[in-house]
Amino acid sequence: MHDKQISPIAAAAGNGAGAGDTTPSLRRCIALLRSHTSLPHLRQTHAHALRTGIPLFHPLLAKHLIFSLISLPSPPLSYAELLFSLLPNPNIFTLNTMIRGYAESPHPFPALLLHRRMHAASLPPDSHTYPFLLKACARLLDLRHGESVHSLSVKNAHTSSVFVQNSLLHFYGACGLFESAHQVFEEMPVRNVVTWNSVINGFALNGRPNEALTLFQQVLDEENEVKPDGFTMVSLLTACAELGALALGRRVHLYIIKSGLYQNSHIGNALIDLYSKSGVAVDACKVFDEMPDRTVVSWTSLIVGLAVNGFGKEALKFFEEMEIGKLKPTEITLVGVLYACSHCGLVDQGFRYFNQMKDEYGIVPRIEHYGCMVDLLGRAGLVNKAHDFILNMPLEPNAVIWRTLLGACAMHKRVGLGEVAWSRLIKLDPGHSGDYVLLSNLYAGGSRWAEVQKLRRSMIKGGVKKTPGHSLLELGNKVYDFVMGDRSNPETDSIYEKLEEIAKRLRKEGYVARTMNVLADIQEEEKETALCYHSERLAIAFGLMKSAPGAAIRIVKNLRVCEDCHLAIKLISKVYEREIVVRDRSRFHHFRDGICTCKDYW
DNA sequence: CTAGGGTTAG
């Protein structure tokens, strides 16, 4: 049987390839296959064929196997089920290997199908199966399936394996259930470094860096063999970056240097990201310069980091340097490059990069790249061109694309086109509160109050809730969270007094609140108050109260800064002689002496 | 055959 390698697909196509070398045993198998009408019989025949030396996917055999399979009363339709059916003796080893393959592949879903098939075939998983299954569940964020795997492992008494426990930790962390993760953690008798990393990462991913850092302290304190490694550091840095917790991040950086982990390129990349996301591009560059092994990710992180901080030109310079170094950019690098162009108004240059993506770098533009181009045109005020660009895209425009256009319309007060984008958005992503806010601002900018009211009513009717804005401020070792109207901070009264004082000083500078963007469900005189209490104002007031004179104030906000706050913060930076850095949903604003690095273009 | 890490348009 010295067959040339012929793909199973060719075999399934049934063109008779390889038919010339039929042997008696193969002919017998095929005859058997045709006479059987149940899965076990098919498997037996397949096993018999393999025993006589016929390859697993011999074209003729595969063709008849598949034919017999799809002729069964209830044919297995998914690829995983087909494979499962084809296995002559599906034992737990082969199955685990297959589940692992799927769990690590770009499409992990068949791993779960195989699990169902195992269950149906009464083949119980062993202690090796759960980590693979949980990995697939974590990657698919399939909470229900993961929980059922958990209870199954309990039922089968397989939870004593530290591998299973660590996988459970990772799964719960990835799905955002850090309470469940923590519970598993608490019940573990033996913990290794992976255990600690999984639970730390679980907190870090869920915006709880304080808990992550407390656990880190615990690992250091506990008199055991567990030593934090590179994975631990990346988790901690990611947590700090997420919240812009610069001081905490710097402490982790010190530990990294002390423990000799600084040569790890993953850590270097995480540090670049931390400093970029904390608004200190200089330090990001410094880390980059000192890195012994720079990968594409390092370059990409720096390019994106510089771009969001308003250093578009510098970002592009690094990209050119990367090209000279013959390092091949990834699609994410190009997102960064286009992003840099759009935030600096470099329309022509952006188009040059976009047009040569495929020929020059071998990267086929994805929807993200098209999104950047819509943003590039829209920001520059070429709103009609942006619309034409969308209509001529080879990809189906998604909600983000239309949202970008709506944002550009709101920025440039183009009601008609904004309504076109809106009509797509309510079909593609109904109930997205940010879209209501954008359209409302667009109407309000044109003083179309009747439409604003109408929109407001449909928002209430549809149960669409505005995402509450909140701002984070790091002071000392703590990250404070401010929400509009929230009075849970024990110093609320003095914060509001401070706001009064700020308002007085700003008015002396000639500041008049721009109330038009406030959703019009409140009275005119209340609008100004509402603006004053936007979460970033509370955070800034608190920062002014609590930090040393002249110290920079860093804020991270979950939404975009409104026009009014942007103006007010510019003035605050001048009047109080403070550098104020605000990380927005979309970029950085560095306020100093009454101006912002975004040049009012954001 | 078993577990964990970095960059992604608004």
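Proteins get letters first, then strands, A, B, ... in listed order; numbering begins at 1 in each.
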Participant: Could you tell me the separation between the CZ atom of A/Arg560 and the C1' atom of B/dA9, rounded to a whole number of Å?
Facilitator: 12 Å
Participant: To the nearest Å, how far apart are A/Met373 CE and B/dT8 P?
Facilitator: 20 Å
Participant: What is the separation between atom CZ on A/Arg366 and atom P on B/dG10, rounded to the nearest whole Å?
Facilitator: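 Atom-to-atom, A/Arg366 to B/dG10, this comes out as 15 Å.
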Participant: Counting any heavy atom closer than 4.0 Å, what does A/Thr300 reach on the DNA or RNA strands: base, sugar-phosphate only, or nothing?
Facilitator: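 Base, at least one base heavy atom under 4.0 Å.
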Participant: Have a look at A/Ile267 and tell me which of A/Ile272, A/Leu261, A/Leu236 forms a side-chain contact (heavy atoms from CB on, under 4.5 Å) with it.
Facilitator: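 That would be A/Leu261.
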Participant: Just the rounded figure in Å: distance from P of B/dT7 to CD1 of A/Ile272.
Facilitator: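 A/Ile272 atom CD1 is separated from B/dT7 atom P by 12 Å.
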Participant: Describe, in one word, how the ring planes of A/Tyr130 and A/His158 are oriented to each other, choosing from parallel (under 30°), tilted (30 to 60°) and perpendicular (over 60°).
Facilitator: tilted
Participant: Looking at B/dG5 and A/Phe231: do their rings stack (centroid distance under 5.5 Å, interplanar angle under 30°)?
Facilitator: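 Aromatic stack with B/dG5 present for A/Phe231.
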Participant: Distance check: side-chain N/O of A/His343 vs OP1/OP2 of B/dG10, anything under 4.0 Å?
Facilitator: yes
Participant: Of the nucleotides B/dA9, B/dT7, B/dG5, which has the atom closest to the A/His170 side chain?
Facilitator: B/dG5
Participant: Looking only at the side chain of A/Ile267 (C-beta and beyond, no hydrogens), which of the listed nucleotides B/dG5, B/dA3, B/dT7 gets closest?
Facilitator: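 Looking only at heavy atoms from C-beta outward on A/Ile267, the closest nucleotide is B/dG5.
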Participant: Just how far, in rounded Å, is C1' of B/dA9 from CD of A/Glu368?
Facilitator: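 Going from CD in A/Glu368 over to C1' in B/dA9 covers 6 Å.
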Participant: If you count the non-hydrogen atoms of other residues, nucleotides and ligands that lie under 6.0 Å from CZ in A/Phe178, is the total more than 12?
Facilitator: yes
Participant: Taking atom types as modelled, is there a side-chain donor on A/Asp126 or A/Thr129 under 3.5 Å from an acceptor on the other?
Facilitator: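 Yes, A/Thr129 and A/Asp126 have a side-chain donor paired with an acceptor closer than 3.5 Å.
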Participant: Please tell me whether A/Thr330 and A/Thr333 have a donor and an acceptor in their side chains that are separated by less than 3.5 angstrom.
Facilitator: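 A pair is found: one side chain offers a donor N or O, the other an acceptor, under 3.5 Å apart.
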Participant: Side chain of A/Val297 only, please: which of B/dA3, B/dA9, B/dT7 is the nearest?
Facilitator: B/dT7
Participant: Once you apply a heavy-atom cut-off of 4.0 Å, does A/Gly407 come out as touching a base, just sugar-phosphate, or nothing?
Facilitator: nothing
Participant: Identify whether any heavy atom of A/Thr195 sits under 4.0 Å from a base atom; if not, whether one sits that close to sugar-phosphate; answer base, sugar-phosphate or nothing.
Facilitator: nothing
Participant: Base, sugar-phosphate or nothing for A/Ser235? Non-hydrogen atoms, less than 4.0 Å.
Facilitator: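 Answer is nothing: A/Ser235 stays at 4.0 Å or more from every strand.
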Participant: Check every strand shown and say whether A/Asp429 touches a base, only sugar-phosphate, or nothing at a heavy-atom separation below 4.0 Å.
Facilitator: nothing
Participant: Consider ring pair (Phe, Tyr, Trp, His ring centres under 6.0 Å). Of A/Tyr443, A/Trp402, A/Tyr436, which one does A/Trp422 pass it with?
Facilitator: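 In the set A/Tyr443, A/Trp402, A/Tyr436, the residue that makes a ring pair (Phe, Tyr, Trp, His ring centres under 6.0 Å) with A/Trp422 is A/Tyr436.
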Participant: Measure CE/A/Met98 against C1'/B/dT2 and give the value in whole Å, please.
Facilitator: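 After rounding, the reported distance stands at 17 Å.
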Participant: Under 4.0 angstrom, heavy atoms only, what part of the nucleic acid is A/Arg403 near: base, sugar-phosphate, or nothing?
Facilitator: base
Participant: Which part of the nucleic acid, if any, lies within reach of A/Tyr339 when heavy atoms closer than 4.0 Å are counted: base, sugar-phosphate only, or nothing?
Facilitator: sugar-phosphate
Participant: Measuring from the side chain of A/Asp273 (C-beta onward, heavy atoms only), which nucleotide among B/dT7, B/dA3, B/dT2 has the closest atom?
Facilitator: B/dT7
Participant: Assign A/Thr94 to base, sugar-phosphate, or nothing according to its heavy-atom contacts below 4.0 angstrom with the strands shown.
Facilitator: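 No contact.
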Participant: Roughly, in whole Å, what's the span from OH in A/Tyr130 to C1' in B/dC1?
Facilitator: 15 Å
Participant: Write down the distance between OH (A/Tyr275) and P (B/dT7), rounded to a whole number of angstrom.
Facilitator: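 Value for this atom pair: 16 Å.
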